[in-house]
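Protein chains get the first letters and strands the later ones, always in sequence-line order, with residue 1 at the start of each.
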Amino acid sequence: MVKIKLPDGSVREYARHVRPIDVAAEIGPGLAKATLAAVVDDTTVDSVTPLPSDGEHTLRLLTKKDPEALAIMRHSCAHVMARAVMRLYDGVQLAFGPTIENGFYYDFDLPHKLSEADFPAIEAEMAKIVKEDEPFERIDVPRGEAMAMCRELKQTLKVEHIETGLAEEQRLSFYRQGEFLDLCRGRHIPSAGAIGAFKLLSVAGAYWKGDSTRQQLQRLYATAFFSKQELEARLVHLEEAKRRDHRVLGKQLELFTINPLVGSGLILWLPKGAIIRGELEKFVREELLKRGYETVYTPNIGRVELYQISGHFPYYSDSQFKPIEMEEGERYLLKPMNCPHHIMIYKAKPRSYRDLPVRLAEFGTVYRYEQSGELNGMTRVRGFTQDDAHIFCTEEQVAGEFRSCIEMTRTVLQALGMNQYRVRLGFRDPNSDKYVGSAEAWDRAENAIVKVCEGLDLPGMSIERGDAAFYGPKVDFVVADCIGREWQLGTVQLDYNLPSAERFALEYIGSDNTPHRPVMIHRAPFGSMERFVGVLIEHFAGVFPLWLAPEQVRVLVVSQKFEDYARDLERKLLAAGLRATGDYRPEKIGAKIRDAQLQHIPYMLVVGGREAENGEVAVRDRIDGDLGAMKIDAAIERLLTEVREKKIRQVAAPTVAAAITDDGKANEY
RNA sequence: GCUGCUGUAGCUCAGCUGGUAGAGCGCGUCCUUGGUAAGGACGAGGUCAAGGGUUCAAGUCCCUUCAGCAGCUCCA
């Protein structure tokens, strides 16, 4: 006897074996038809999986209205895609085919090189399979038998996976649909007919088991929805996201450019982009001043020996520009980090505990030879400027300093309306040898970070082992770009290693008149100016708040008769410190407004005969439209106030959610 | 770095199975002098990414290099 409790509170009792689909059928044939899967006591199961035969259990039937059902259907769609590929091409080896945020993919090894030209054929074959509406049938077998089945199917990747990834499993499951049989954990929808609409999106290479020393597979990305409308909405969404891509907007709005002759991954800031960066730098400088930082400047190169001591040279030789070789063995490195230079400034004189904390800040430009395939607009580059600072403090000061660094980062992000970030604690992977320093020092640092962060209520906080810097654990502020790719912006890092005796042997004289070792904190609220501005362009979709807008106000003259008045107005705006231009072309006012709107100019001042007579301007707001006429001084004051307050009146709605990291292991095999 | 795709005017793109390059926007000149999202006419502008090859003939086919895009791997 089993008691089944449904979400509405009703309880049903059964003496026989029942399946979720049977319960659904009892309630009504419509529900039975709509049921795609079920949740039994928090575990998702197929609609045909028998329920337990005794005890009390909760049951929730999943239909296409439930978000869980979408992922299950997509997973089934991945099988349909794999089946289509196997029908069309010979020698297909199946790897993993999990669902991901917004869709799914399947990895294959096959001799045919897949390209977008193949998509229509694959999609047509998939449509056929969906139309046939064959059931997905689960087959549970002991591992020995599973192994034999995979061998018989000549699916060597699956065989390997059973031997390695699934070494612990005693029983394994397959799903069969027609001639297609795949080792798979499930779950699946009852039959393919429930797949409403799907589309192949892209093909890309992916390493087997994510290991770059293993063979590369071909990965097909696709998505599916229950309805065609949802699919189309999704595709429109993707198009919108592309339009706000900072690489597209950067070109359109003349913010930055990259020239192959200068070198890839090297950003040329155009005048308008430079204004945005300059305003952001000014903003950070003000914050630094308030928080007791001192500004320093250091050169762009340093001797290799410096980085041998710091460890950067040996640890990252692959991702650095090669050293500059001078006579007699002198070698210089383009600096990959600012910290060694700042350390030498700390060491320039003896320090007393009374001097600490010493906070040295610099907009320091660094160069890293990133892999060519990694370069991406402004977000992944080979030369960039960090809003960097290094804090040298006593052990007792660490928690307080660390906390205030995190607070500064939050303040800065908040000021820009950037609330969609998550916080990642990058800790050491104890099984890796890429880290310097003792395990004790690491534990101490990681514990200190956890303690500080726990009290701060940081959004989406997660600890990620293996994500630490080689010298210490860190707290990263991570944001997603317009297509869901995540980028690390702000970072605060705790470092017991560079100050150590094995590295730079930093000291200060304590109150006991003996030398002590300071602790270092590395921090950069923006991270890099390049990446930050790149992300910011997408955050605002190119529509910047007044204080950041490269061109803040444009004078639009109704007719050239009033050009003198307009020119005078433009001069007044410039004198007030506003970034102003005038449009004196012999165009109609409508055309001038249209151009200014399309260029996202925050304010337009329209002047004609009426305004010239009264010493007024007709103010047009980019967002609210025509505000009517006002005196010149009043208009200027209004704009200056908005600048001073760094007011953010509009942030573009996010186009896509952050990608959920998915290595394919969690879902299915 | 790896796999696949792409590279034509300042920008966005068209150019069929090889036969000496086209549109829209932008830009320039002229006409129009206007009142809150596109006035009109004319014109300039291209070593078809670079280099090599096949061919009577290459933007188009092949190879190499460079650059970009998507993803993977990496990321102090």
Reference residue A:Phe477; test ring-ring contact (aromatic ring centres under 6.0 Å, His included); the match among A:Trp487, A:Phe532, A:Tyr421: A:Tyr421

Taking distance alone, no hydrogens or angles, what donor-acceptor pairs closer than 3.5 Å link side-chain atoms of residues 248-268 of chain A to residues at least two apart or in another chain?
residue: A:Asn259; atom: OD1; partner: A:Leu261; partner atom: N; Å: 2.6

Nearest atoms (heavy-atom pairs only) where A:Gly628 meets A:Asp626: N-OD1, 2.9 Å

Nucleotide B:rG4, atom C1' - distance to CZ of A:Phe108 in whole Å: 15 Å

Those residues that, when tested against A:Ala652, pass side-chain contact (heavy atoms from CB on, under 4.5 Å) (two or more places apart): A:Arg244, A:Ala541

Nearest-Å distance for atom pair CD/C1', residues A:Gln216 and B:rA70: 12 Å

Contact pattern, 5' to 3', of nucleotides 23-40 of chain B - B, S or - by protein heavy atom under 4.0 Å: ---------BBBBBBBB-

Test ring pair (Phe, Tyr, Trp, His ring centres under 6.0 Å) applied to A:Trp208 - qualifying residues, sequence neighbours left out: A:Phe96

B:rA9 versus B:rU47 - spacing of their P atoms, nearest Å: 9 Å

Lys/Arg-Asp/Glu bridge criterion (N-O < 4.0 Å) met for A:Asp621, A:Arg649: yes

Pair pattern of RNA chain B in dot-bracket, where unpaired bases get dots and | marks partners in another strand, Watson-Crick or G-U under 3.5 angstrom: (((((((..((((.....[..)))).(((((.......))))).....(((((..]....))))))))))))....

Same-atom distance (C1') from B:rA67 to B:rA50, integer angstrom: 10 Å

B:rG59 versus B:rG52 - spacing of their P atoms, nearest Å: 14 Å

Ring centre gap for A:Tyr346 and A:His390 strictly below 6.0 Å: no

A:Gln650 versus A:Arg622, side-chain donor and acceptor atoms under 3.5 Å: no

Nearest-Å distance for atom pair CG/P, residues A:Leu261 and B:rA50: 14 Å

From A:Ile589 atom CD1 to A:Ser559 atom OG, the distance as rounded to the nearest 0.5 Å: 10.0 Å

Nearest-Å distance for atom pair CD/P, residues A:Glu239 and B:rA70: 13 Å

Whole-Å C1' distance, B:rC25 and B:rA44: 16 Å

Exam field: side chain A:Asp481 to backbone A:Arg485, donor-acceptor pair closer than 3.5 Å: yes

Separation of atom CG in A:Leu201 from atom P in B:rA70, rounded to whole Å: 14 Å

Would you list the protein and nucleotides 74-76 of chain B atom pairs, both N or O, that sit under 3.5 Å from each other?
residue: B:rC74; atom: O2; partner: A:Arg380; partner atom: NH2; Å: 3.1
residue: B:rC74; atom: N3; partner: A:Arg380; partner atom: NH1; Å: 3.2
residue: B:rC75; atom: OP1; partner: A:Lys434; partner atom: NZ; Å: 3.4
residue: B:rC75; atom: O2; partner: A:Arg380; partner atom: NH1; Å: 3.1
residue: B:rC75; atom: O2; partner: A:Arg380; partner atom: NH2; Å: 3.2
residue: B:rA76; atom: O4'; partner: A:Tyr316; partner atom: OH; Å: 3.3
residue: B:rA76; atom: O2'; partner: A:Tyr471; partner atom: OH; Å: 3.4
residue: B:rA76; atom: N6; partner: A:Ser319; partner atom: O; Å: 3.0
residue: B:rA76; atom: N6; partner: A:Ser319; partner atom: OG; Å: 2.8

Sub-4.0 Å heavy-atom contacts from residues 298-309 of chain A onto RNA chain B, ordered by number: none

C1' atoms of B:rU60 and B:rG1, separation to the nearest Å: 32 Å

Test item: A:Glu538 side-chain N/O and A:His246 main-chain N/O as donor-acceptor pair under 3.5 Å: yes

A:Leu200 CG - B:rC5 C1' separation (whole Å): 15 Å

Check: A:Lys158 side chain, A:Ala95 main-chain N or O, donor-acceptor pair, under 3.5 Å: yes

Spacing of A:Asp429 atom CG and A:Tyr435 atom OH [to the nearest 0.5 Å]: 5.5 Å

Pair listing, salt bridge (charged side-chain N to carboxylate O under 4.0 Å, His left out) test, anchored in residues 463-479 of chain A, at least two apart: A:Arg422-A:Glu464, A:Arg424-A:Asp467, A:Arg424-A:Asp476, A:Glu446-A:Arg465, A:Lys474-A:Asp476

A:Lys113 NZ - B:rU3 C1' separation (whole Å): 7 Å

Span that lies between the C1' atom of B:rG34 and that of B:rC27, in whole angstrom: 23 Å

hbond_proxy A:Tyr207 side chain to B:rG71 base (donor-acceptor, 3.5 Å cutoff): no

Nucleotides 10-16 of chain B: which of its N/O atoms have a protein N/O under 3.5 Å away?
none

side-chain contact (heavy atoms from CB on, under 4.5 Å) partners for A:Phe470, two or more places apart: A:His312, A:Tyr315, A:Tyr316, A:Val436

Selection residues 592-605 of chain A - residue pairs positive for salt bridge (charged side-chain N to carboxylate O under 4.0 Å, His left out), sequence neighbours left out: A:Arg585-A:Asp595

Other residues, nucleotides, ligands: >12 heavy atoms within 6.0 Å of A:Asp211 CG: yes

Donor-acceptor contact present, side-chain A:Lys272 to main-chain A:Glu551, <3.5 Å: no

Spacing of CZ belonging to A:Arg303 relative to CD1 belonging to A:Ile309, to within rounding of 0.5 Å: 10.0 Å

Under-3.5 Å N/O pairs linking protein and nucleotides 65-68 of chain B:
residue: B:rA67; atom: OP1; partner: A:Ser264; partner atom: OG; Å: 3.4

Atom pair OG1 (A:Thr581) and CG (A:Leu556), whose distance is rounded to the nearest 0.5 Å: 8.0 Å

Inter-nucleotide P distance (B:rU54, B:rA58), Å rounded: 11 Å

A:Trp208 CH2 to B:rG71 C1', straight-line distance once rounded to whole Å: 18 Å

B:rC69 to B:rU12 separation - P atoms, rounded to the nearest Å: 13 Å

